[in-house]
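Quick note: numbers below take in every heavy atom, side chains included, and nothing from hydrogens, waters or symmetry partners. Along the sequence shown, the residues carry numbers beginning at 1.
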Amino acid sequence: MKRNIVIAVVTAAALVGGGTATALAVAGDDDDTTSVTRTDDDRDDRGEDRSDDRDGDDDDGAVRAAAGGVTAAEAITAALKHTPGTAVSAELDDGSWEVDVLAGGDTWHTIRIAPDSGKVLGAQKDDEDDAAEVRAALKGASVTAEDAAKAAAAKGTVVSVDLDDDGDDRGWEAETRASGGDERDWSVGLTTASVTADRDDD
């Protein structure tokens, strides 16, 4: 016995609770009708149009990110694991750590590290031409950028570490911030890791 099945699909474009309602009606030869209505409630609000707050660059945000997550020393370690070489600077900027690494062949790389997880967010090759100066400044140095960051952490939350390769006072420069926003600059020795207040810091 031949069965006649008629399937009718009716789509209604109506806003139901902010979503889209779709009606499906199925009829068989017994004239029994089953309808199913599905409402998709604000799919866009579940994350498709979520705004990204990681790019905030306010000082308080930088302090909270550093204090509550990955330290400068940990960010440097993660960057060097991704791109082996010599870390020359690390700075908490625009919602992520940016670590500059002088790799083999005098090539520079900037690696971005997530301040909450330590994961690599991205890396790019940079066109810098001061590799010779940096290597000369670090010749005979026993204190790395990571060591300097750890040493300066005794003075506050480290938000940047950078190599000062100018003049006779070569060494690491570190910036710390307190929860209230107070900033301090420190000098860290290249051979002793001694931390002293930066002379130019007011």
Side-chain angles (χ1 to χ4, degrees), residues 52-104 107-126 128 130 134-135 137-138 140-166 169-202:
D52 195 345
D53 297 328
R54 289 176 301 179
D55 291 337
D57 55 358
D58 60 294
D59 290 348
D60 289 342
V63 173
R64 285 196 299 272
V70 176
T71 66
E74 292 168 340
I76 292 169
T77 299
L80 292 176
K81 191 175 291 186
H82 179 272
T83 304
T86 301
V88 177
S89 70
E91 181 180 9
L92 190 58
D93 184 45
D94 289 338
S96 66
W97 283 105
E98 292 187 359
V99 183
D100 290 331
V101 175
L102 176 57
T107 58
W108 287 94
H109 300 267
T110 298
I111 297 91
R112 292 189 307 112
I113 305 294
D116 55 349
S117 65
K119 292 182 179 179
V120 175
L121 298 175
Q124 68 181 32
K125 205 174 194 181
D126 291 330
E128 299 285 347
D130 58 348
V134 168
R135 293 199 189 281
L138 291 175
S142 57
V143 177
T144 65
E146 182 181 2
D147 297 332
K150 289 178 180 177
K155 303 295 185 180
T157 300
V158 178
V159 293
S160 73
V161 176
D162 191 19
L163 176 65
D164 180 4
D165 59 357
D166 294 329
D169 296 329
R170 295 176 177 177
W172 296 105
E173 295 179 340
E175 181 183 351
T176 60
R177 289 185 190 155
S179 57
D182 294 335
E183 300 178 3
R184 293 293 307 272
D185 293 325
W186 308 91
S187 295
V188 182
L190 289 173
T191 57
T192 63
S194 59
V195 181
T196 56
D198 193 309
R199 309 183 286 198
D200 299 327
D201 186 19
D202 295 329

Pairs involving residues 117-126, ordered by first then second residue, that meet salt bridge (Lys or Arg N to Asp or Glu O under 4.0 Å) (sequence neighbours left out):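 Counting only pairs at least two positions apart or across chains, no salt bridge (Lys or Arg N to Asp or Glu O under 4.0 Å) contact touches residues 117-126.
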
Residue pairs, two or more places apart or on separate chains, that pass salt bridge (Lys or Arg N to Asp or Glu O under 4.0 Å) and touch residues 145-158: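 Only E146-K150 qualify under salt bridge (Lys or Arg N to Asp or Glu O under 4.0 Å).
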
Partners passing salt bridge (charged side-chain N to carboxylate O under 4.0 Å, His left out) against E173 (at least two apart in sequence or in another chain):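 Listed in chain order: nothing, the list is empty.
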
Under the salt bridge (charged side-chain N to carboxylate O under 4.0 Å, His left out) test, residues paired with E175 that sit two or more places apart: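 For E175, the residues satisfying salt bridge (charged side-chain N to carboxylate O under 4.0 Å, His left out) (neighbours in sequence not counted) are R177.
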
Any donor-acceptor pair under 3.5 Å from W172 side chain to V143 backbone: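 Answer holds: yes.
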
For [X], what residues pass the side-chain hydrogen bond (donor to acceptor under 3.5 Å, both in side chains) criterion, not counting sequence neighbours?
{"X": "S142", "result": "none"}
{"X": "S117", "result": "none"}
{"X": "T176", "result": "W186"}

Nearest non-hydrogen partners of [X] and [Y], listed with the distance:
{"X": "T191", "Y": "G140", "answer": "CG2-O, 3.9 Å"}
{"X": "A103", "Y": "P84", "answer": "CB-O, 3.7 Å"}
{"X": "V70", "Y": "G118", "answer": "CG2-N, 3.3 Å"}
{"X": "A78", "Y": "I113", "answer": "CB-CD1, 4.0 Å"}

By side-chain contact (heavy atoms from CB on, under 4.5 Å) - contacts of [X] (at least two apart):
{"X": "A141", "result": "L138, L190"}
{"X": "A72", "result": "W97, A149, V158"}
{"X": "E98", "result": "D93, S96, T110, R112"}

Residue pairs, two or more places apart or on separate chains, that pass side chain to side chain donor-acceptor pair (under 3.5 Å) and touch residues 78-91: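 Passing the test, one end in residues 78-91: S89-D100.
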
